[in-house]
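Structure first, then comments.
Throughout, residue positions are numbered sequentially from 1 according to the sequence presented. This structure is a prediction, so every number in the text was calculated from the model and none was measured.
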Amino acid sequence: MFAELILSALLIHNTFGYDKLDVLYLYAKLLSSYSRIHHPVRNLSRPTPLHFALQVQQLVDINVAVQQVNLVVQIHQAWRDEFLTWNSTNLPSLIYLEPTYVWMPDVIIQNSPTYELLTEPVTILPLTVTSNGIVGFTRFIKLTLNCKMDISRFPWDTQMCSILIGSWTQDASQLNISSHQVIPIISENYISHHEWQFINSRVFSGSVDVRTKQGTLWFPYIEYTLHFERKSKFYELIIILPSCLISFLTLISFLLPCESGEKMSLLITLLLAFVFNLVIVTKQLPRISIHYPIIGIYYIMCISIVCISLSTCVFVLNLVYKSGHIAPPSRFLIKLFRFIGQYTSYRDFLFRKTLNVDWDSDIPTFKKEFGSKEHSGEKIEYAHALLNSIYLHLQTKAQKDLKNYQRKDYYAQWHYIASTIDRISAIFYLLAIVVTTFMFFITALFGNGENLQNEFIYKEGTLTA
């Protein structure tokens, strides 16, 4: 097995023009007594330095609903193996070895749900080893990261996700992890995402202490923080713009007459449209209560305002169709709504004065003129009886007409009050919608967020767990 490994390595990787027997001797010398379970240092009191560099090749997806980020990254690792050194005078200064036959650092992605082992030998890429013992390992890997999402500014939100790289089995006395980021974190061949765009990044190197009965152990780690911003044009056209149009479309309902029952049908339809859009937005967001999206609050406010307008519409219709048959409005209400009506542009409805008719003032005059003439006694008595009958009939009819007229007068007064209330609710709705929409855009577009520097940041630090 060992001989086959060496021969295959010679056949594949010996491209330097050296004698095959010399190269075979080099492989045999390096690997014959090599143990991959021991640290690659001759003095075990010194840690093995491990240098890291990471480069993002592609953002596969940011799943806000489950708060996970999928990335394709290229990871470069380098360390010095003191047992893999040789004199390169007559031998190649660079050779290739399979990862399964040398010591590999026990480093994992700590915030991955699968705890991906970065040095797991699942790649066909071999290790590069120089004559002074520098081992280089490069691997392309698809990562799934658990990240906390802040969706309060959806769809103008920005998300930050960290890649935590460290070891849970080798502390700082055995492994010293540090960042050697000489290449940009975002590759020049970075494949852009249809919904998210990369803004900037930073890297932080620190350590976490774990206190045990034997003492305190320090575990070094590296944190790469990536900052992404959502491309919001799609959501602006599909969600934001229709929502604003529906909000201001509700104002059209107040152009209908206050006695129109179609106003309620229109308001209920618009209310259902708001609820439907809210369901669409909810499907795009995680079900958490820490950061509730501002757009959700905007929808709730709009729905509440429409519900208030709908309740006002029911109250106005009740005034128009029912109150006129009960009693006339009080003088206080008449004066109050006369005053309000002057400032709400309802001048086409005028209060009518109550009709006062003295039905006994004209008939006696007619009777006096008619009775002053000289007629025979029977004819005069017959005429008086006829006139009294006509007078009683006209008086009864006039009283009925007076009641109908007063009823219409009461209806006109209540109609005026209902119209004024309808206009007040229209003004209230306009102000409420304008203020709510303005606050929504101001808060969503210019809300507080964490600002990262555009340039690369590296700093040493220590965290206490």
Thr312 (side chain) donor-acceptor with Ser425 (main chain) under 3.5 angstrom: no
Donor on one side chain, acceptor on other, Thr85 and Asn132, under 3.5 Å: no
Arg46/Glu82 ion pair, N-O < 4.0 Å: yes
Rounded distance (nearest 0.5 Å) linking atom CG of Asn70 with atom CG of Leu145: 8.0 Å
Separation of Gln170 CD from Leu217 CG (nearest 0.5 Å): 12.5 Å
Flag, side chain of Asp171 to backbone of Phe219, donor-acceptor distance under 3.5 Å: no
Student check: side-chain heavy atoms of Glu229 and His227 closer than 4.5 Å: no
Distance (rounded to the nearest 0.5 Å) between Glu98 CD and Leu127 CG: 8.0 Å
Test log, rule side chain to side chain donor-acceptor pair (under 3.5 Å), inputs Gln68 and Asn146: CA-CA 5 Å; Gln68 287 185 348; Asn146 293 325; 3.2 Å; yes
Aromatic ring pairing Trp79/Trp103, orientation class (parallel under 30°, perpendicular over 60°, tilted between): perpendicular
Donor-acceptor under 3.5 Å (Ser88 side chain, Pro92 main chain): no
Whether Tyr298 and Phe440 hold their rings parallel, tilted or perpendicular, with breakpoints at 30° and 60°: parallel
Residues which pass disulfide (SG to SG under 2.5 Å) with Cys147, listed by chain and number, not counting sequence neighbours: Cys161
Minimum heavy-atom distance between Leu267 and Val306, given as atom pair plus value: O-CG1, 3.9 Å
Minimum side-chain heavy-atom gap Leu278-Ile300 below 4.5 Å: yes
Nearest non-hydrogen partners of Met149 and Asn63, listed with the distance: CE-O, 4.5 Å
Exam field: side chain Arg202 to backbone Thr225, donor-acceptor pair closer than 3.5 Å: no
Residues that Tyr235 engages under ring pair (Phe, Tyr, Trp, His ring centres under 6.0 Å), provided they are two or more places apart: Phe154
Chi angles and distances behind the side chain to side chain contact (heavy atoms under 4.5 Å, CB included) call for Cys307, Leu271: CA-CA 8 Å; Cys307 289; Leu271 180 62; 3.9 Å; yes
Intermediate values then yes/no, side chain to side chain donor-acceptor pair (under 3.5 Å), Ser162 and Glu223: CA-CA 6 Å; Ser162 298; Glu223 179 181 2; 2.9 Å; yes
Interatomic spacing from NZ in Lys263 to CG in Leu255 - rounded to 0.5 Å: 9.0 Å
Check: Val203 and Ile222 side chains under 4.5 Å, non-hydrogen atoms: yes
Distance (rounded to the nearest 0.5 Å) between Tyr25 OH and Trp86 CH2: 13.5 Å
Sub-4.5 Å side-chain heavy-atom contact between Val314 and Asn318: no
Criterion side chain to side chain contact (heavy atoms under 4.5 Å, CB included) on Phe438 and Ile442, from CA distance to verdict: CA-CA 6 Å; Phe438 178 77; Ile442 291 297; 3.7 Å; yes
Check: Glu236/Trp156 side-chain N/O donor and acceptor closer than 3.5 Å: yes
Aromatic plane relationship, Tyr429 with Phe254 - under 30° parallel, 30 to 60° tilted, over 60° perpendicular: tilted
Distance-only donor-acceptor check, side chains Ser187 and Asn189, under 3.5 Å: no
Check against side chain to side chain contact (heavy atoms under 4.5 Å, CB included), Leu97 and Tyr27: CA-CA 9 Å; Leu97 292 175; Tyr27 275 88; 3.3 Å; yes
Atom CZ of Phe248: over 12 foreign heavy atoms under 6.0 Å: yes
Value rounded to 0.5 Å, distance of CG in Leu445 from OG in Ser232: 8.0 Å
Polar side-chain atom of Ser112 near backbone of Ile109 as donor-acceptor pair, under 3.5 Å: no
Side chain to side chain, Asp81 and Tyr34, heavy atoms closer than 4.5 Å: yes
Close side-chain approach of Thr138 and Ile75, heavy atoms under 4.5 Å: no
Val60 backbone acceptor or donor facing His193 side chain under 3.5 Å: yes
Step-by-step side chain to side chain contact (heavy atoms under 4.5 Å, CB included) determination, Arg36 to Tyr101: CA-CA 6 Å; Arg36 67 185 303 268; Tyr101 289 92; 5.8 Å; no
Minimum side-chain heavy-atom gap Met160-Phe228 below 4.5 Å: no
Backbone N/O of His76 and side chain of Arg139: donor-acceptor pair under 3.5 Å: no
Ile295 side chain near Ile240 side chain, heavy-atom distance below 4.5 Å: yes
